[in-house]
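Both ligands and their constituent atoms are indexed starting at 1 by order of listing. In this chain, numbering begins with 1 at the start of the sequence shown.
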Amino acid sequence: MGEKPRVVITRRLPGVSLAKIGEKAEAVLPDRDGPMPRKELLRKVRGASGILSTLADRIDAPLMETAGKTLRVVSNFAVGVNNIDVAEATRRRIRVCNTPDVLTEAAADLGFGLLLAAARRFSEAERFLRAGKFTGWDPWGFLGVPVFGRTLGIVGMGKIGSAIAARARGFEMRVLYHSRTPIPKAREDALRARHVGLDDLLSGSDFIVLCVPLTSETRGMIDRGRLRRMKKEAVLVNIGRGEVVDEGALAEALAVGRIFAGGLDVYEKEPKIHPGLLRAPTAVLLPHLGSATTETRERMGGLATENLLAVLSGDDPPCPVN
Ligand code: GLV
């Protein structure tokens, strides 16, 4: 009987079953809590057959080269796979897998929550209260913009974008969307959503929610020029990836009141936050919480475990990316 294959699990993760993994493989765990430092990952990955990674691990060509020919699977604990060089993995016949579907509703809840929080200035007002400045009801205090009956523009009408559109029906919003591939007509009708060009979406929406994955086409998509197309009262929400937005340009737009507010869950250089965003009172800033419910994270871990073990057993994984 040959030795068990080795798999590197880059972080302690909810729902990832070490017992199940242990039946098929030898699990190599991080030395300490928190994200695995690159150096440690490079050391541990030599001769490994699998990696169970998070979105904070850069799985690039040098790392795959260091792992060597044994590496067969990278199972990402995330739906986004922009941290992985998928083309390189494909070239090396390494399977890449992700955790879609199980996080759709949690991410849509968070996106819609950010929209409401930014429209009605929740964060700014709470900071005010916590600072002991609430001296009584103020007819002029923290006036926001209405959500009910307004126009919502969704950029990226995949599963999460569609789930946000479904929520918008309860608020009787008109939904415009922009997507590489328009959704089927019946689905458009059910969601009361209309496909438009990106520039029309930006100029015609009161709320713009970015749900696109990070790719070479979406990187820097919301730049200074595109911010200028938005209405002065527009609210921009980003739950995709930070690099889709030029953060410097957004900070500037918020500083001069070029748009009304921003709601962000993701950042260009996570965990670093652009100082201009930290200074902007109208920015609602969350620490990448899209999938952060216990149930969702457990399910992501279960799926990441299944993906990993399926490939190691020579089977098709439930959620292959390549
Ligand atoms: C979170 O951002 C994910 O991609 O799962």
Next item on the list: Output, in order, the C-alpha distance, side-chain angles, deciding distance and verdict of side-chain hydrogen bond (donor to acceptor under 3.5 Å, both in side chains) for Ser49 and Arg72.
Entry: CA-CA 5 Å; Ser49 300; Arg72 288 157 59 197; 5.0 Å; no
Item checked: Neighbouring residues of ligand 1, heavy-atom cut-off under 4.0 Å ->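 Its neighbours under 4.0 Å (heavy atoms only) are Leu55, Ala78, Val79, Gly80, Leu103, Arg241, His288, given by chain and number.
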Check: Is there a donor-acceptor pair closer than 3.5 Å between any side-chain N or O of Tyr177 and the backbone N or O of Ile183?
Finding: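 Indeed, once roles are kept as given, a pair shorter than 3.5 Å links the two residues.
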Checklist line | Closest heavy-atom pair and its distance - Val96, Asn322 | finding: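 Smallest heavy-atom distance, with atoms named: N-OD1, 2.8 Å.
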Check: Does any pair with a residue in residues 257-286 pass salt bridge (Lys or Arg N to Asp or Glu O under 4.0 Å), and if so which ones, sequence neighbours excluded?
Finding: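 Every pair satisfying salt bridge (Lys or Arg N to Asp or Glu O under 4.0 Å) with a residue in residues 257-286: there are none.
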Note to self: Using ring pair (Phe, Tyr, Trp, His ring centres under 6.0 Å), reason through Phe142 and Phe128 one step at a time and then give a plain yes or no.
What the structure shows: CA-CA 10 Å; Phe142 298 103; Phe128 170 88; 5.0 Å; yes
Check: side chain to side chain contact (heavy atoms under 4.5 Å, CB included) with Leu115: which of Ile208, Val235, Leu152?
Finding: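 The passing option is Leu152.
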